[in-house]
Amino acid sequence: MYDIIIVGAGPAGMTAALYAKRANKKVLIFESKTYGGQIVNTPVIENYPGIPDISGFDYATNLYNQIISLGCEIKFEPVIRIEDDLTVITPKNKYVAKSIIIATGAENRKLKLENEEKFIGKGISYCATCDGNFYKNKTVAVNGGGNTALEDAIYLSNIAKKVYLIHRRDEFRGENKYIEDVRNKNNIELILKSTITKIIGDNKLKSIEITSIDNKKQQIEVDGLFIAIGQTPNNEVFKNIIDVSKEGYIISEDGVHTTKKNIYVAGDTRIKDLRQLTTAVSDGAIAATTAIKEMED
Ligand code: NAP
């Protein structure tokens with residue numbers, strides 16, 4: 001019997017483990033891939049308070065070593081089901097907990113083009129606020145038509161020399177205010193009814209091929225490509241026990257409790273406005289302290 005089982009060893013899950021171990025609880029974390037979550041793809045984190053400059057990998061490794069040194073147990077097994085009595089099932093075994101924190105994160109939706117994975121950190125990014133500063137006075141493209149893409153284009157227009165905003169339709173999904181702001185920026189050029197069909201470069205991104213819906217192709221040179229075509233959370237396996245939105249995000253009225261007693265949520269996998277490292281670790285701390293308080297009550 002564990003006090004707390006945490007599903008997901010990203011910043012939110014590992015911070016929850018840190019707080020739970022420091023409160024002397026018996027903690028087990030499950031991770032289906034490697035520790036760190038999405039942050040390991042960020043070459044340099046420059047917006048974490050108090051740490052001016054650290055790679056995502058180093059940050060995740062520091063946090064991992066911190067929780068391991070406190071005696072936290074971690075199993076690299078995917079959770080395939082949680083039973084009503086808080087039994088956590090993996091392909092290898094069954095584990096029982098007094099409370100569970102789900103911190104499974106979300107993955108950025110990929111274009112699924114050749115070179116996309118290869119150029120992450122070498123011209124391709126999924127986070128303008130994390131990586132935008134590397135493109136001072138350069139030319140970048142943003143792909144997508146939701147709030148994230150619009151906000152990214154506006155954010156980048158204040159850093160880069162030129163921003164192309166590429167969207168597959170001629171209407172945006174995002175809010176009118178952002179659309180207006182985008183249209184008012186002199187250095188944002190809209191390329192609508194178009195998709196990116198090729199990512200071109202040798203060791204790093206050099207240009208992209210864009211194909212319009214009437215099949216006209218053009219190649220534009222860019223230093224950076226920010227892909228903002230939405231995210232996909234991984235909560236399919238929890239649908240039997242807690243409520244998730246139609247997009248798959250975990251529903252939580254207060255940002256910590258789920259719809260099932262003693263199951264809590266932390267990080268990008270819940271419905272929230274700002275998905276950042278700072279908000280993920282904050283969620284992790286709140287989830288662990290809430291779980292501990294309610295366990296002791
Ligand atoms: P989103 O709203 O799901 O928008 C994704 C965009 O990417 C859509 O325009 C979609 O096109 C496009 N897209 C999807 N798959 C594509 C593909 N394979 N190729 C090309 N384009 C593709 O995602 P988001 O912008 O990340 O926002 C997620 C949620 O967070 C939303 O609810 C959003 O309102 C919220 N959010 C809020 C704020 C804020 O309030 N300040 C900021 C950021 C995000 P279609 O439109 O054609 O489907």
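For clarity, every value in this text was computed on a predicted model and none was experimentally measured. Just so it is clear, the values below take in all heavy atoms, side chains as well, and ignore hydrogens, waters and symmetry mates. Whatever order the structure lists them in is the order used to number ligands and atoms, beginning at 1.
Between the side chain of Asn240 and the backbone N or O of Ile82, at least one donor-acceptor pair lies under 3.5 Å. Using modelled atom types, one side-chain atom of Thr259 and one backbone atom of Asp243 make a donor-acceptor pair closer than 3.5 Å. No donor-acceptor pair under 3.5 Å is formed between the side chain of Thr15 and the backbone N or O of Gly284.
For atom 18 (N) of ligand 1, the nearest protein heavy atom (residue, atom name, distance) is Ile229 CD1, 3.8 Å. Looking only at protein heavy atoms, the nearest one to atom 3 (O) of ligand 1 is Gly230 CA, 4.2 Å. In terms of protein heavy-atom proximity, atom 47 (O) of ligand 1 is nearest to Arg169 NE, 2.7 Å. Closest to atom 30 (O) of ligand 1 among all protein heavy atoms lies Arg275 NH1, 4.7 Å. The closest protein non-hydrogen atom to atom 48 (O) of ligand 1 is Arg173 NH2, 2.6 Å. Annotation: atom 11 (O) of ligand 1 to nearest protein heavy atom, Arg168 NE, 3.1 Å. Looking at atom 42 (C) of ligand 1, its nearest protein heavy atom turns out to be Glu151 OE1, 3.2 Å.
Taking the ring axis of Tyr95 as reference, the NZ or CZ atom of Arg81 does not stay both within 45° of it and closer than 6.0 Å to the ring centre. For the pair Lys75 and Phe30, the cation-pi criterion (under 6.0 Å, within 45° of the ring axis) is not fulfilled.
Heavy atoms of Gln231 found under 4.0 angstrom from ligand 1: none, in either backbone or side chain. When heavy-atom distances to ligand 1 are checked against a 4.0 Å cut-off, Glu247 has no atom that comes that close, whether in backbone or side chain. At a heavy-atom distance under 4.0 Å, no atom of Glu171 approaches ligand 1.
Under the salt bridge (charged side-chain N to carboxylate O under 4.0 Å, His left out) criterion, the residue pairs touching residues 255-265 are Asp84-Lys260, with sequence neighbours excluded.
Ring pair Phe172/His167 is parallel by interplanar angle, where below 30° counts as parallel and above 60° as perpendicular.
Considering backbone and side-chain N/O of Thr195, none are found under 3.5 Å from N/O of ligand 1. Checked against a 3.5 angstrom limit, the closest N/O atoms of Thr148 and ligand 1 fall inside it. Taking any N or O of Gly145, backbone or side chain, at least one lies under 3.5 Å from an N or O belonging to ligand 1. Looking at ligand 1, you'll find an N or O of Asn147 within less than 3.5 Å of one of its N or O atoms. Of the N or O atoms in Asn143, none lie within a sub-3.5 Å distance of an N or O in ligand 1. Below 3.5 Å of separation, one finds an N or O of Tyr178 facing an N or O of ligand 1.
Heavy-atom proximity to atom 4 (O) of ligand 1, evaluated over Ala228, Ala149, Gly146, Ser245, is greatest for Gly146.
Distances below 4.0 Å separate heavy atoms of Glu175 from the following atoms of ligand 1: 40 (O).
Using a 4.5 Å heavy-atom cutoff, the side chains of Val88 and Ile100 are in contact. For the pair Ile292 and Lys25, the minimum side-chain heavy-atom distance is below 4.5 Å. With contacts defined as side-chain heavy-atom distances shorter than 4.5 Å, the pair Glu107/Gln231 does not qualify.
Atom CD1 of residue Ile124 and atom CD1 of residue Ile199 lie 3.5 Å apart, to the nearest 0.5 angstrom.
Shown here, atom 32 (O) of ligand 1 is out of close reach of the protein: none of its heavy atoms lies under 4.0 Å off.
A search for ring pair (Phe, Tyr, Trp, His ring centres under 6.0 Å) contacts involving Tyr35 returns Tyr64, not counting sequence neighbours.
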